[in-house]
Structure formats: structure tokens, C-alpha cells
Amino acid sequence: MVDLYDLIRNIQKRPAMYLGRANITNLRTFIAGYCFARRQMGIPQTAQEQKFSEFPTWIQQKFSIVSHQTWDQIILFFSTDEHSALEKFFQLFDEFTQAEVVYEQQTPLQESLVNT
């Protein structure tokens, strides 16, 4: 089975195949449906899915906004249209996942410094 991040990258390559209309609202709906289906099937959240649940908060911090709006609505607000918002999502998603990798690489070093 493809994990969430691979699925998102597959969507980036061929958005219309997965979303119909290639826009950010359809992407959020698709991801919500994916997560809902996994819960309904009793499949536990993966580490990636747990980490992705932090994406809305990360988006709010990135845009310096406190809001009850969904992450797609925030990105859309700062974009010219739905399609450009989708492209912006993929850029932000890459940044989010890269920040995650950097944090994970720093954590063992920081732990070793604490334990010495």
C-alpha cells in the first residue's frame, strides 16, 4: 500500500487523475476521504499521517494567521485561484516534509548532548 506522502506526490504528478479538477479544495477532500476510509477500516494511523495532522498548525504559523479555516482555505486566500493554490500546496508540503527531516536528523544529536 502506498503511504500518505507517496500518495500526495503521486497526486502532484497527475492531479486530474486523482482529483478530477486539479484544485486545492478537491485535494483536501481527497485526503480527508483517504483518512476517513482508513479509520472506518480500523487501520491505525501511520507516523506520516500523525505528522501530517500537524500540517494545519504549521500552515497557520507559516502565514502568521490564527484561524479556524482549513489549511486549504488559508492557502487559497494567499493564492490567485484554486489551481495556483494547489501548486502552492505542493511547495509548502515539500517545505513541511523537509523541515520534518531536518528536525528528525537534529533530534538524535540533541539527545546525545543531553545525555552526556
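Just so we're clear, the structure is a prediction, and the values are computed from it rather than from any experiment. The figures here come from the full heavy-atom set of this structure, side chains too, leaving out hydrogens, waters and symmetry mates.
- In terms of modelled atom types and a separation under 3.5 Å, the side chain of Glu49 and the main chain of Leu4 share no donor-acceptor contact.
- Within the 4.5 Å cutoff, no side-chain heavy atoms of Asp72 are placed close to those of Leu27.
- Put simply, Met17 and Leu7 are part of the same group of oily side chains (I, L, V, M, F, W, Y) that touch within less than 4.5 Å, one to the next.
- Judged by distance alone, the side chains of Glu54 and Thr57 never bring a donor and an acceptor atom under 3.5 Å apart.
- The shortest non-hydrogen separation linking Tyr34 to Asp3 is OH-C, 4.2 Å.
- The distance from the CG atom of Leu76 to the NE2 atom of His83 is 13.0 Å, given to the nearest 0.5 Å.
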Test log, rule side chain to side chain contact (heavy atoms under 4.5 Å, CB included), inputs Ile11 and Phe90: CA-CA 10 Å; Ile11 293 169; Phe90 292 121; 4.1 Å; yes
Test Ile31 against Phe52 for side chain to side chain contact (heavy atoms under 4.5 Å, CB included), laying out the working first. CA-CA 10 Å; Ile31 292 172; Phe52 189 75; 4.0 Å; yes
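- By the neighbour-count criterion of 12 heavy atoms within 6.0 Å, atom CZ of Phe78 is densely surrounded, having more than that number from other residues, nucleotides or ligands.
- Side chain to side chain, Asn26 and Thr29 fail the donor-acceptor criterion of an N or O pair below 3.5 Å.
- The two residues Ile75 and Ala85 come nearest to each other via the heavy atoms CG2-O, 3.5 Å.
- A 4.5 Å side-chain heavy-atom check between Leu92 and Glu95 finds at least one atom pair inside the cut-off.
- A donor-acceptor pair under 3.5 Å is formed between the side chain of Arg38 and the backbone N or O of Pro44.
- In this structure, the separation between CD on Gln69 and CD1 on Ile59 is 13.5 Å, given to the nearest 0.5 Å.
- Taking the ring centroids of Phe89 and Phe55, they lie under the 6.0 Å cut-off.
- The shortest distance between side-chain heavy atoms of Ile24 and Trp71 falls below 4.5 Å.
- Looking at Lys51 and Tyr5, their side chains come closer than 4.5 Å, going by heavy atoms from C-beta outward.
- One finds the CD atom of Gln12 at 7.0 Å from the CD atom of Glu87 (value rounded to the nearest 0.5 Å).
- Pairing each heavy atom of Ile74 with each of Gln60, the nearest pair is CD1-CG, 3.7 Å.
- A 4.5 Å side-chain heavy-atom check between Arg9 and Thr97 finds at least one atom pair inside the cut-off.
- Arg28 CZ to Asn23 CG: the interatomic distance, rounded to the nearest 0.5 Å, is 11.0 Å.
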